[in-house]
Asker: 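Below you'll find the structure I mean.
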Amino acid sequence: MSKTILNLKDLTIKFGGVTALNNVNLELKEGEILALIGPNGAGKTTVFNLITGVYKPTSGNVFLGDVAIDGKKRHHITKLGIARTFQNIRLFGDMTTLENVITGTDVRNKVGLIGSMFGTPRSRREEKASVAKAHEILKFIGIDEYADRLAKNLPYGVQRRLEIARALGTEPKILLLDEPAAGFNPQEKVELAATIKKIRDAGYTILLIEHDMSLIMGISDRVAVLDFGQKIADDLPSVVQNNPQVIAAYLGVPEDAS
Amino acid sequence: MRLELKDLHVHYGKIEAIKGISVVVNQGEIVTLIGANGAGKTTTLKTISGLRKVSSGQILFDGQDISTVPAHERVDLGISQAPEGRGIFPGMTVLENLEMGKFNRKDRKSEMDEDLDKVYTLFPRLKERASQAGGTLSGGEQQMLAIGRALMARPKVLLLDEPSMGLAPQMIANIFRIITEINKTGVTILLVEQNAQQALQRAHRAYILETGNVVKEAKASDLLNDPAVREAYLGTGAH
Amino acid sequence: MFDTLIHQFWSLTFSGIALGFIYVLIAMGYTMVYGVLRMINFANSEIFMVGAFATVMVSKYVFKLSNDAIPPSSFKLFFVILCCLLASMLASALLAFLVELVAYRHLRNRTTNRIAPLISAIGIGIVISEIVRILTGARTQFSPNIIPKKALATFQGAEIRLDNTITIIAGLILFIILDRFIKYSRLGKGIRAVSMDEDSAKLMGVNLNRVISLTFIIGGLMTGAAGFFYVNVYENVKFNMGFSLGLAAFTAAVIGGIGNIRGAFFGGISLGLVEIYASAIIGTQWKPVTVFIILVLILLFKPNGIFGEAVQKTRV
Amino acid sequence: MINLRDKGAEFWERSNRPVRVLTVFAILAVVAALPYAGNTFLQTPVAAFDAVLVYPMGMFILMALGLNVVVGKSGMLDLGYVAFFAVGAYTMAILGTRTGLNTWEIMPIGIAAAMFAGVLLAIPTLRLRGDYLAIVTLGFGEIVRVTALNSEGIGGALGIAGIPFPPGLGFEYQLLDQKYFYWTILVMIVLVIWVIRRLTVRRPGRAWESIRQDEDAAELMGVSTYKYKIWAFVFGAAIGGGAGVFYASRSMVIAPDNFTLNTSILILACVVFGGMGNIWGVIVGATILGYLPDRFRFLSDARLLLFGLVLVVFMNLRPEGILPRKKREKAIVKKGSGASI
């Protein structure tokens, strides 16, 4: 059994009077693809926001390895090795594709304002390395041909992929993908599935929010189901798929009372 | 009353969210749009109510193209929407929220009371909480308020966007029962849902949306046991 | 250092409250607009300035008042006050309406960039104050005394002056009318609805553009009234008078929680008092500095204002 | 409207190194020769042409470049930029009249003082939302002036007179012939352009750009947004401070009245007019707006009115300014064009 890399312990978060997540426990093993599914409003994106430090949990902790990261600053969490994409694409539209990825790689760079101003050898070295790395990532994701296009002018599918590329730029241990296939047609979904697998095979651990079941069933090692801010299942895809509680959460309970 | 979308296209910036759909809603029907996230269901409803601009195509309401009529005037034509996420006014009382539903109607006091009575009969909980701020209601109560508020405008067609979202199963069943009741009073309903089972049980006809396209149109009862629907939600291999 | 404060405590308090009401009224201009647009109306200080000029113009050129002439008698006085007040309110309201049209409306529908409307509003503010500067030759205009500054009574040795009393009473009445209007009238509810959820308000049939115009107009009416009261107490106007009062009134709005009209009421009165007391201690020339420090402190520690979201019910 | 910036960028890309170097020197030579163009149609009726080149034109360009880093690059609306200018100027005035230090020795001190003021303002306020930041900076600019006005120790309303000229470097700075001042400020401008260009194509520039476009996304991509916002602010302050030192040293006398809100607005108008975020646009904008009111007499009294109009009109009709920020993309080989992926 590979070791646990991310551990959510008894996570609870309340907004006003509403409990958005209630005592959620979730473990992410190194090198796996874990899918997080559940109906709209179940709290999936809230989980992402808790992991990346956008929200602080009301109670409970998030451990990256042995370090509790809840309460740490967002950019610091990224530096520790967690990167994410956004459900509603949030690229830097006025930057080129390449610059978007380089902005991601900057978190590993050390040179600051003064170094950049004087163009120290280290700053030149880092800039060069960043460009090379960014191109490499774009090739890996298969969108290098768009490197010099402005992000806002990219086709939708490329924008979604660029979100992933930018996140990879930060050299994360864990990649959080928030509905990467939203708005994709079946063909694009197949390609995306291959890309996600390729990323995993390159050594990343992936936590994925997705609604498309065929995609999830095809690539995930494990599926966790949230409903109403609670985890109602966490198992192999084939098992989860036939879990009556899950089916009920998704398709609704056939009404027998009325 | 007849609502018809003809080859409707809608863009968000450069991205095409609705890629030419055609949908018909006839007088007295409950029609449901189902499909996964990002399929374009909510966008479709927002376009009908005027919150989103039409890129091309038509929205025909009783034969008239209303696609350039501003949102606030569509209410007066008889199109009301209970939006996704309920969109109630948190700082107003339940009663004030309901009164907002009648914003442009210069009804007599007696008509106002009549409509209030109707809503309160459908949702007795709202009457109990009439003077409470909307923001303090539970999710289910807020959904009731959103629907009740939309009904206050005496709509010909009621657009419901995911009324089951974030609600407990008991409450979902309750809401759907009421939707049928509303329909029986003569209000046509266009319902967007993720909860396919419930929606299909209640609706007459259904459209399945996938990435901005209508991929299937059928009688709701036919789709209820259609493996394709199940597949759309749970993927192949579910049985 | 504290001698002035102790000896003239009550007299300072009355002036402070009267000044506070002027702030309350200008703060309405900020808070109403902020409530529906979530944007600061940077031209509000100029809207105030124009309101103040309107009173001076009307009293000087329509009623031919001057400080040498005998002050008008009671009935005529009432009539003059009413005309000047209305002139100020209408001038400011009209200007506020134009500001919305020119500086905000077009941009609101076109861009999500939040800086653009701010810059455009700053620009229109500059244009207004520059026009006035050029027309007046940048000179301070002295206003005839409209309301005699006579003492009505004394309290603990402090005079209760007529001009201050009228400011306080009229300010209070205007505030109550506005508060009721927002809470109970149909249009007031429309304004509140837009401030809480723009899309939902549209779905209810609220005409967004009309509500936003209305909000600017109401804010202008209040701000214009403040111009009238200001002239009565301080008796002079200048093209750049809006800046410091505007900043103070904005601070008042922030103290109570911007977007919240009752908060602005509380904020205005307390700022008026603090300012007058502080001036008695460290001197009037440091007044802007005091206000600025209060603003920064509030934004840092209580960005939602003293009341925060707790009184959201009364939110515009 | 044709995109001049793209035309320029295109030319630059097509050219090889010698052509580029030649172009730069040619432009510099023309610009440097401007003081000799005083008796042509460029002549300014009120102030002498060579003086106008230094102030307002040169100073405006310098300050607009600094403000552009804050407003244009990083998206923070700073309406109190004049404060840093004032701090620099007062540092020069105080030290120049009371110590034996000369302008060039005071320059780093003035810049440091302005940066310190920047940090002081930035630390509490940069956590605020954009519109609050705008009003706080607006207040700050005015507060610095009011403080100077009320502080008798630094001359109060009268200000400080007798500030020494910079020491000559083989030539003498003169009041009646200001070409040496002009050339000095030209050197400062070129230096600043050079530094800003370096920064913007490197990590700090990307950080600023990302903050402007989507601060939350930037933070989640690992950009320490608070730190870089402070840097932008302080960097802008440094340029403002440097400009202030030079201004005081040239003017010989300064008073609080030189540092009103108007100056902040004028500089902002230069940035907006030229094109937020684009240094060439900002230079063009500041040149035109600095020059026009001195060239045309009827504009000089209505200068601020004109600038206010510029703000309104440009924000509404051409928010990207005369020269927009980067729009052009390099031509690419597009495989499978038409497909959505």
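Letters A, B, ... are given to chains in the order of the sequence lines, protein chains preceding strands, and every chain is numbered from 1.
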Asker: Could you pull out the closest heavy-atom pair between Ser151(D) and Trp286(C), with the gap in Å?
Answerer: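 Closest heavy-atom pair between Ser151(D) and Trp286(C): OG-CH2, 4.2 Å.
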Asker: For residues Gly139(D) and Phe292(C), report the shortest heavy-atom separation together with the two atoms involved.
Answerer: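 Between these two residues, the closest heavy atoms are C-CE1, 3.5 Å.
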Asker: Go through the atoms of Ile124(C) and report whether side chain, backbone, both or neither lie under 4.5 Å from a heavy atom of chain D.
Answerer: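 Contact with chain D is through both the backbone and side chain of Ile124(C).
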Asker: With rounding to the nearest 0.5 Å, note down the distance linking CG in Leu138(D) to CD1 in Ile122(C).
Answerer: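 Separation between the atoms: 6.0 Å.
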Asker: Can you tell which part of Ile135(D) gets under 4.5 Å to a heavy atom of chain C, answering side chain, backbone, both or neither?
Answerer: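 Both parts, backbone and side chain.
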Asker: State, with a plain yes or no, whether a side-chain heavy atom of Ile143(D) is found less than 4.5 Å away from one of Pro288(C).
Answerer: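 Side chain of Ile143(D) against side chain of Pro288(C), heavy atoms only: contact under 4.5 Å found.
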Asker: To the nearest 0.5 Å, how far apart are CG in Leu79(D) and CG in Leu118(C)?
Answerer: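 Between Leu79(D) CG and Leu118(C) CG, I get 8.0 Å after rounding to 0.5 Å.
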Asker: For Ile265(D), is it the side chain, the backbone, both or neither that has a heavy atom under 4.5 Å from a heavy atom of chain C?
Answerer: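 Answer is side chain: those atoms of Ile265(D) sit under 4.5 Å from chain C.
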Asker: Please report the interatomic distance CG(Leu317(D)) to OG(Ser120(C)), rounded to the nearest 0.5 Å.
Answerer: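 Reported to 0.5 Å precision, the distance equals 10.0 Å.
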Asker: Heavy-atom distances under 4.5 Å only: say whether Ala302(D) touches chain C with side chain, backbone, both or neither.
Answerer: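 Ala302(D) touches chain C through backbone and side-chain heavy atoms alike.
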Asker: Tell me, for Phe140(D) versus chain C, whether the close heavy atoms (under 4.5 Å) come from the side chain, the backbone, both or neither.
Answerer: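 Contact with chain C involves both backbone and side-chain atoms of Phe140(D).
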Asker: Out of Ile131(C), Ile126(C), Asn240(C), Ile128(C), return the one with the most heavy atom pairs under 4.5 angstrom to chain D.
Answerer: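 The residue among Ile131(C), Ile126(C), Asn240(C), Ile128(C) with the greatest pair count is Ile126(C).
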Asker: For the CD1 atom of Ile115(C) and the CE atom of Met276(D), what is their distance to the nearest 0.5 Å?
Answerer: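 CE of Met276(D) is found 6.5 Å from CD1 of Ile115(C).
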Asker: Under 4.5 Å, counting heavy-atom pairs only, tell me which of Asn150(D), Leu77(D), Val272(D) racks up the most with chain C.
Answerer: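 It is Asn150(D).
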Asker: Please classify the contact between Leu247(C) and chain D as side chain, backbone, both or neither, with a heavy-atom cut-off of under 4.5 Å.
Answerer: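 For Leu247(C), the contact with chain D is made by the side chain alone.
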Asker: Heavy-atom distance under 4.5 Å between the side chains of Asp131(D) and Tyr34(C), does that happen here?
Answerer: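 A side-chain contact exists here, since the closest heavy-atom pair is under 4.5 Å.
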Asker: Looking at chain C, which one of Leu268(D), Thr125(D), Val310(D), Thr147(D) has the largest number of heavy-atom pairs inside 4.5 Å, strictly under?
Answerer: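 Of Leu268(D), Thr125(D), Val310(D), Thr147(D), Thr147(D) has the most heavy-atom pairs under 4.5 Å with chain C.
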Asker: Out of Leu149(D), Leu305(D), Val312(D), return the one with the most heavy atom pairs under 4.5 angstrom to chain C.
Answerer: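 Of the options given, most contacts go to Leu305(D).
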Asker: Chain C: which of Leu304(D), Leu311(D), Val313(D), Leu128(D) shares the most heavy-atom pairs with it under 4.5 Å?
Answerer: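 The answer is Leu304(D).
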Asker: With rounding to the nearest 0.5 Å, note down the distance linking CG in Leu295(C) to OH in Tyr132(D).
Answerer: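 Nearest 0.5 Å value for the CG-OH distance: 9.5 Å.
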Asker: Where does Val291(C) contact chain D at under 4.5 Å (heavy atoms): side chain, backbone, both or neither?
Answerer: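 For Val291(C), neither part sits under 4.5 Å from chain D.
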Asker: With a 4.5 angstrom heavy-atom cut-off, which part of Val296(C) approaches chain D: side chain, backbone, both or neither?
Answerer: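 The side chain, not the backbone.
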Asker: Give, as side chain, backbone, both or neither, the part of Ile293(C) having an atom under 4.5 angstrom from any heavy atom of chain D.
Answerer: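 For Ile293(C), neither part sits under 4.5 Å from chain D.
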Asker: What distance do Ile119(C) atom CD1 and Phe314(D) atom CZ have between them, rounded to the nearest 0.5 Å?
Answerer: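 If we round to the nearest 0.5 Å, Ile119(C):CD1 and Phe314(D):CZ are 12.5 Å apart.
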Asker: Does Arg133(C) reach the side chain of Asp301(D), with side-chain heavy atoms less than 4.5 Å apart?
Answerer: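 With C-beta onward as the side chain, the pair touches.
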